[in-house]
Amino acid sequence: MSIEFAKSLSGHDKNRIYYIWKKEERFAYLVDGKTHTLEKPKKKNEKHYQIVKQIPGFILEPLSKEETLTDAMIYRAVKAYDQSISRRQ
């Protein structure tokens, strides 16, 4: 299972981080666990998001251990990534 995060480049959600739940042709379905859940993901054109290349291991580890992801797990991972970025700045 490939775990990818994306940063929104445009729209009202610019600079927000999402988990990439599914990809189809030019679009990705993005989830943050709170406003955009697994049941209601955000559909975003590939031009309008950027894949995050470096994700710390402490964020990936809990997600990779589980067979099925929940909104709560995704929310915690996205929040942890946001906090790790804000500490670097």
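- Inter-residue side-chain proximity for Tyr81 and Val52 is flagged as met; some heavy-atom pair is nearer than 4.5 Å.
- Atom CH2 of Trp21 sits about 9.5 Å away from atom OG1 of Thr37, to the nearest 0.5 Å.
- Heavy atoms from other residues, nucleotides or ligands lying under 6.0 Å from NZ of Lys22 number more than 12.
- Taking CZ from Arg26 and NZ from Lys43, the interatomic distance works out to 9.0 Å, rounded to the nearest 0.5 Å.
- The heavy-atom pair separating His36 from Val31 by the smallest distance is O-CG1, 3.1 Å.
- Looking at Asp13 and Asp32, their side chains never come closer than 4.5 Å, going by heavy atoms from C-beta outward.
- Under the 4.5 Å side-chain heavy-atom criterion for Ile, Leu, Val, Met, Phe, Trp and Tyr, Tyr18 and Met73 are members of distinct hydrophobic clusters.
- Linking Ile, Leu, Val, Met, Phe, Trp and Tyr residues whenever their side-chain heavy atoms come within less than 4.5 Å leaves Leu38 and Tyr75 in two separate clusters.
- Two residues are said to be in side-chain contact when any heavy atoms from C-beta on lie closer than 4.5 Å; Asn45 and Phe27 meet this criterion.
- In this structure, Ile20 and Ile51 approach most closely via the heavy-atom pair CD1-CG1, 4.1 Å.
- Here the shortest heavy-atom pairing between Lys44 and Ser10 reads NZ-O, 2.9 Å.
- Annotation: side chain of Lys7 is in contact with side chain of Asn15 (closest heavy-atom distance under 4.5 Å).
- Judged by distance alone, with hydrogens and angles left aside, the side-chain atoms of Ser64 form a donor-acceptor pair with the main-chain N or O of Glu61 at under 3.5 Å.
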Quiz item: How far apart are the C-alpha atoms of Ile85 and Ile17, what are their side-chain angles, what is the distance that settles it, and do they pass the side chain to side chain contact (heavy atoms under 4.5 Å, CB included) test?
Solution: CA-CA 11 Å; Ile85 292 298; Ile17 301 297; over 6 Å; no
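- With hydrophobic clusters built from ILVMFWY side chains whose heavy atoms lie under 4.5 angstrom apart, Ile74 shares a cluster with Ile55.
- Scanning both residues, Leu63 and Ile3, for their nearest heavy atoms gives CB-CD1, 3.6 Å.
- Of all non-hydrogen atoms in Val78 and Tyr19, the two that sit nearest each other are CG2-N, 4.3 Å.
- A donor-acceptor pair under 3.5 Å is absent between the side-chain atoms of Lys47 and the main chain of Leu9, judged by distance alone.
- You'll find the side chain of Lys23 reaches within 4.5 Å of the side chain of Glu4, heavy atoms only.
- In this structure, CZ on Arg16 lies 8.5 Å from CG on Asp82, to the nearest 0.5 angstrom.
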